[in-house]
Number of protein chains: 2
Amino acid sequence: MEYMNTAPAEEPRWLTDEEQRTWRAYMHAATLLEDHLDRQLQRDAGMPHVYYGLLVQLAEAPRRRLRMTELAMNAKITRSRLSHAIARLEKNGWVRREDCPSDKRGQFAVLTDAGQETLGKAAPGHVAAVRQAMFDRLTPEQQKALGDAMLIIAEGLQPKEAGADLPWLR
Amino acid sequence: MEYMNTAPAEEPRWLTDEEQRTWRAYMHAATLLEDHLDRQLQRDAGMPHVYYGLLVQLAEAPRRRLRMTELAMNAKITRSRLSHAIARLEKNGWVRREDCPSDKRGQFAVLTDAGQETLGKAAPGHVAAVRQAMFDRLTPEQQKALGDAMLIIAEGLQPKEAGADLPWLR
DNA sequence: ACTGGATACTTGAACTCTCAATCTCTATGC
DNA sequence: GCATAGAGATTGAGAGTTCAAGTATCCAGT
């Protein structure tokens with residue numbers, strides 16, 4: 001090799017002032033909102049927001065059960081994180097594990113009656129918090145625009161290509 | 001008291017299908033994006049996204065320093081979280097603490113030259129990641145709408161009233 | 001069958017964050 | 001001047017997350 005194949009090292013395209021404002025508004029809202037919901041659910045239901053989301057997924061699934069990887073994918077988290085989370089929810093008696101008959105490596109996370117119960121009691125307060133923080137403050141048009149934008153971002157971060165760095169395959 | 005002052009307990013206003021879609025798109029994008037940025041910065045700069053944000057705040061502040069509470073407010077986090085974070089950044093040599101002369105209870109977090117240096121090296125990769133995940137995928141109109149919506153949400157979560165539950169006053 | 005490589009999931013350690021308690025110092029009222 | 005409430009910040013313990021490594025199983029090719 002004659003010389004190092006260094007990258008071009010162009011001046012990075014910094015954010016414009018307008019973009020800065022957008023980005024900071026986004027980060028501030030996202031940080032505050034997650035903190036707000038975590039706190040509300042920790043207080044009223046004894047679990048963080050992510051864990052609540054897991055129970056919701058299970059409640060909606062047929063036979064109230066989901067394979068670990070599928071659940072991780074629905075929640076957009078890693079399997080490792082899910083393993084720890086399910087262990088905790090199992091201790092609470094809200095979820096139970098079951099072996100998969102068709103694949104001995106597989107595990108189902110199953111929502112228990114106690115879990116269903118807890119979910120039912122937590123849900124109203126949670127919806128109220130989400131409404132108050134987001135939907136009650138935005139017009140339908142703003143909601144639509146927000147949803148559209150976030151959907152595009154979400155899809156961009158989980159490309160279909162093989163070899164993509166998806167949390168639940170990590 | 002004659003009877004318990006029970007709440008009305010009306011049927012909660014559940015999210016409509018449309019609202020559900022918006023909410024899930026939001027949560028998915030927010031989760032994936034934070035994971036993505038954390039990972040990128042952990043790999044390229046050895047710190048999580050929040051810590052990077054702290055360095056940015058300090059870099060922009062006069063004399064590259066900020067009082068702890070003020071920094072916590074800018075980052076929308078608790079003082080406790082900030083204390084731990086600054087302790088870690090101090091170990092890395094990127095930040096140093098200084099006493100406040102006018103208020104002996106106060107502390108300044110000061111960005112060191114090493115911190116500035118680290119920041120400078122991490123910034124291009126970070127901006128690129130943010131662009132790729134968000135700005136490159138949205139039209140200017142969508143960016144504007146997203147920013148507007150998130151600004152409203154952020155402001156709703158930090159009311160001016162006394163006694164509001166703000167993370168940095170917790 | 002058998003073997004190598006992928007898939008499904010778990011584990012433990014290091015790191016981060018939360019919560020409640022603590023400490024010091026400031027400001028207020030008497 | 002002095003007591004006391006509040007403000008600024010930190011601490012330690014427990015809970016949650018990440019990362020790298022581990023176990024067990026499945027599958028494709030031979």
What nucleic acid atoms does A:Arg170 come within less than 4.0 Å of, heavy atoms only: base, sugar-phosphate, or nothing? nothing

For a quick check, tell me whether the side chain of A:Ser80 and the base of D:dC19 share a donor-acceptor pair closer than 3.5 Å. yes

Residue-phosphate contact under 4.0 Å: A:Arg67 side-chain N/O, C:dC9 OP1/OP2: yes

Indicate whether OP1 or OP2 belonging to D:dT18 is found under 4.0 Å from a side-chain N or O atom of B:Gln42. no

Hey, does A:Arg97 reach any base, or is it just sugar-phosphate, or nothing, if we go heavy atoms under 4.0 Å? sugar-phosphate

Just how far, in rounded Å, is P of C:dT18 from CG of B:Asp165? 12 Å

Does the side-chain contact (heavy atoms from CB on, under 4.5 Å) test come out yes or no for A:Val50 and A:Lys76, once each step is laid out? CA-CA 10 Å; A:Val50 186; A:Lys76 310 301 170 192; over 6 Å; no

With nearest nucleotides of DNA chain D determined for A:Pro101 and A:Ala85 from heavy-atom distances, which residue corresponds to the more 5′ nucleotide? A:Ala85

Quick note, A:Arg81 side chain, CB onward, closest among D:dT18, C:dC25, C:dT10 is D:dT18

Upstream residue (5' side of DNA chain C) when B:Thr78 and A:Ser83 are each assigned their closest nucleotide: A:Ser83

Measure from the side-chain heavy atoms of A:Lys104 and tell me the nearest of C:dT10, C:dC25, D:dT25. D:dT25

Within 6.0 angstrom of A:Arg63 CZ, more than 12 heavy atoms from elsewhere: no

Mind checking A:Asp38 for me? I need base, sugar-phosphate or nothing, with any heavy atom below 4.0 Å counting as a touch. nothing

Nearest 0.5 angstrom please: A:Thr31 OG1 to A:Arg24 CZ, how far? 12.0 Å

Does B:Arg79 make a side-chain N or O approach to OP1 or OP2 of D:dA9 shorter than 4.0 Å? no

Can a donor-acceptor pair be found between the side chains of A:Asp44 and A:Gln40 at a distance below 3.5 Å? yes

When we call it a touch if two heavy atoms are under 4.0 Å apart, what does B:Thr69 touch: a base, just sugar-phosphate, or nothing? sugar-phosphate

How many Å lie between CG on A:Asp103 and P on C:dT10, as a whole number? 12 Å

After noting the C-alpha distance and the side-chain angles of B:Arg96 and B:Glu98, does the key distance pass the salt bridge (Lys or Arg N to Asp or Glu O under 4.0 Å) rule? CA-CA 7 Å; B:Arg96 126 178 71 86; B:Glu98 266 185 38; 2.3 Å; yes

As a test of reading the structure: which of C:dG12, C:dC25, D:dG16 is closest to the side chain of A:His84, going by heavy atoms? C:dG12

Just compare D:dT25, C:dC19, D:dT10 and give me whichever is closest to any side-chain atom of A:Arg39. C:dC19

Of the nucleotides C:dA8, C:dT10, C:dC17, which has the atom closest to the B:Val50 side chain? C:dC17

Please determine whether any donor N or O and acceptor N or O are separated by less than 3.5 Å between the side chain of B:Arg105 and the base of D:dA7. yes

Contact class for B:Tyr51 (heavy atom, under 4.0 Å): base, sugar-phosphate, or nothing? sugar-phosphate

B:Asn92 CG - C:dT16 P separation (whole Å): 9 Å

